[in-house]
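Comments concern the structure below.
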Amino acid sequence: MIKNLKIIEEATSSSDLAKDEILNNRNKFDAFFVYEQTKGRGTLNKEWISQKGNLHLSIIVKPKKPLLEWKFISIISAVAIRRSLIKIYGHLDTLLKFKWPNDFIINNKKIGGILLETIPRSNSLVIGMGLNLVFNPNNIKNGWPSENIKNINGINIDPIKLSYLIIDNLNLLIEDWENNNFFNVFSEWKSNLCFLGEQIHSFGFNKKYCGIFENVGSKGQMFLKTKNNKIIEFSSGTFVPKFMIDKYVTCN
């Protein structure tokens, strides 16, 4: 059960604080919110621009499930964030989508993402969450176009209020998962995945992959169907739909 949130003005990252809490066996706080991160990071250690007003939240979870099942926490976290945002702004229900495997987009522009870091020896997992609430970085070459929620709504979202909502939803969803009630959460995640059934192209692999985003498996993995009808399975990676390749490659 996630109970105690610590709010910090500035730190390298909220996940650094969470990992330090775990590694030093303090067990005082379960979650950390940082107003401004000096070394925020995303997947593959990419820089995450972290200005004040956005959401920078990391949560410590000690799952009561085997390590091999911890990957489901990514789906659970995504749904918890989505439900929390919709609780504040119901009209986001039709706009907010999941970009496989762990990002959030609105109108094909990225507004946030999730980064999971496991610390198995302590039976702990750190869920790092970042959302562009009032600010988004400039688009860069070979980067996904970005957006912030204020530009869409015209209204500020209090990141602290949102943090507590996310924690409440995460507690409920993790409890359901630990009690083997995961089907509805998985269905909610899958039904809000974008680009299913569309042609997509890979970026960042040594080999280029292209095909139809055929489906997702029960563990959240992607199934890509090539032009030769071969099915390739991916557990991570960057994939861009055909209609966005030029925007992804040439944005500046």
Side-chain angles (χ1 to χ4, degrees), residues 1-6 14-15 18-19 21-22 27 29-33 43 55-90 92-106 111-120 122-131 133 149 157-194 196 216-222 235-236:
M1 179 67 70
I2 306 152
K3 298 178 181 178
N4 301 313
L5 172 66
K6 187 171 186 179
S14 56
S15 288
K19 288 194 290 184
E21 186 85 354
I22 294 168
N27 299 317
F29 295 99
D30 308 300
F32 295 84
F33 173 87
T43 54
L55 180 90
H56 316 117
L57 175 67
S58 291
I59 298 172
I60 299 169
V61 176
K62 297 181 182 294
K64 298 176 183 177
K65 290 270 193 176
L67 182 62
L68 288 175
E69 296 187 46
W70 289 14
K71 59 176 68 74
F72 293 120
I73 296 289
S74 178
I75 295 173
I76 291 168
S77 301
V79 171
I81 291 172
R82 188 175 190 277
R83 288 184 181 182
S84 301
L85 284 169
I86 291 171
K87 177 76 173 179
I88 299 174
Y89 295 112
L92 289 180
D93 189 11
T94 58
L95 297 174
L96 183 60
K97 301 295 180 182
F98 304 126
K99 180 172 77 68
W100 188 92
N102 53 14
D103 289 332
F104 300 89
I105 65 171
I106 293 178
I111 64 155
I114 297 170
L115 178 64
L116 301 187
E117 298 179 81
T118 60
I119 308 177
S122 63
N123 194 39
S124 300
L125 177 72
V126 174
I127 311 167
M129 304 173 177
L131 289 173
L133 300 183
I149 294 177
I157 296 178
D158 179 355
I160 303 300
K161 178 182 177 181
L162 180 59
S163 295
Y164 281 113
L165 272 175
I166 291 171
I167 289 170
D168 287 344
N169 278 307
L170 196 60
N171 276 328
L172 292 172
L173 293 175
I174 288 176
E175 183 178 4
D176 282 346
W177 169 63
E178 290 176 341
N179 289 323
N180 299 314
N181 299 318
F182 184 66
F183 177 79
N184 289 338
V185 175
F186 182 85
S187 297
E188 183 175 341
W189 174 75
K190 182 179 177 179
S191 66
N192 288 288
L193 268 176
C194 54
L196 263 175
V216 286
S218 60
K219 297 178 182 179
Q221 70 272 41
M222 170 193 283
S235 59
S236 63

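Worth saying up front: this structure is predicted, and the values here are computed from it rather than measured.
In this structure, Leu55 and Pro159 approach most closely via the heavy-atom pair CD1-O, 3.5 Å. Scanning all heavy atoms of the two residues, the minimum distance from Phe29 to Leu5 falls at CD2-C, 4.1 Å. Shown here for Ser58 and Gly128, the closest heavy-atom pair between the two residues is OG-CA, 3.6 Å. For the residue pair Ile160 and Asp158, the shortest heavy atom distance occurs at N-OD1, 3.0 Å. Across every non-hydrogen atom of Ser236 and Trp100, the tightest pair is N-CH2, 3.4 Å. Heavy atoms only, all atoms of each residue included: Leu92 and Ile86 are closest at C-CG1, 4.3 Å.
To the nearest 0.5 Å, the span separating CD1 on Ile76 from CG on Asn169 amounts to 12.0 Å. Atom-to-atom distance recorded for Leu131:CG and His56:NE2 is 9.0 Å, nearest 0.5 angstrom. Note that CG of Leu57 and OG of Ser77 are 10.0 Å apart. Values are rounded to the nearest 0.5 Å. To the nearest 0.5 Å, the span separating CZ on Phe98 from CD1 on Ile105 amounts to 11.0 Å. Separating the CD1 atom in Ile149 from the CG atom in Leu162 is a distance of 7.5 Å, to the nearest 0.5 Å. With values rounded to the nearest 0.5 angstrom, Ile75 atom CD1 is found 10.5 Å from Ser187 atom OG.
In this structure, Leu96 and Ile81 have side chains that are not in contact, with every pair of non-hydrogen atoms separated by 4.5 Å or more. Residues Ile127 and Leu170 meet the side-chain proximity criterion, which asks for heavy atoms closer than 4.5 Å. The side-chain heavy atoms of Asn192 and Phe104, taken from C-beta on, include no pair separated by under 4.5 Å. Two residues are said to be in side-chain contact when any heavy atoms from C-beta on lie closer than 4.5 Å; Ile88 and Ile157 meet this criterion. In this structure the side chain of Asp93 reaches within 4.5 angstrom of the side chain of Arg82, judged on heavy atoms.
Put simply, the side chain of Asn102 gets close to the backbone of Ile114: a donor and an acceptor are under 3.5 Å apart. At distances below 3.5 Å, not a single donor-acceptor pair connects side-chain atoms of Asn171 with backbone N or O atoms of Met1.
Shown here are the side-chain hydrogen bond (donor to acceptor under 3.5 Å, both in side chains) partners of Asp30, two or more places apart in sequence or in another chain: there are none. The side-chain hydrogen bond (donor to acceptor under 3.5 Å, both in side chains) check on Glu188 picks up Arg83, with sequence neighbours excluded.
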Worksheet item: Step by step, would you call Leu165 with Leu85 a side chain to side chain contact (heavy atoms under 4.5 Å, CB included)?
Response: CA-CA 8 Å; Leu165 272 175; Leu85 284 169; over 6 Å; no
Discussion item. Apply side chain to side chain contact (heavy atoms under 4.5 Å, CB included) to residues Trp177 and Val185 and explain how you reach the verdict.
Written reply: CA-CA 9 Å; Trp177 169 63; Val185 175; over 6 Å; no
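Sequence neighbours left out, the pairs with a member in residues 57-75 that pass salt bridge (Lys or Arg N to Asp or Glu O under 4.0 Å) are Lys65-Glu69.
Applying the ring pair (Phe, Tyr, Trp, His ring centres under 6.0 Å) test between Phe72 and each of Phe182, Phe186, Trp189 identifies Phe182 as the sole match.
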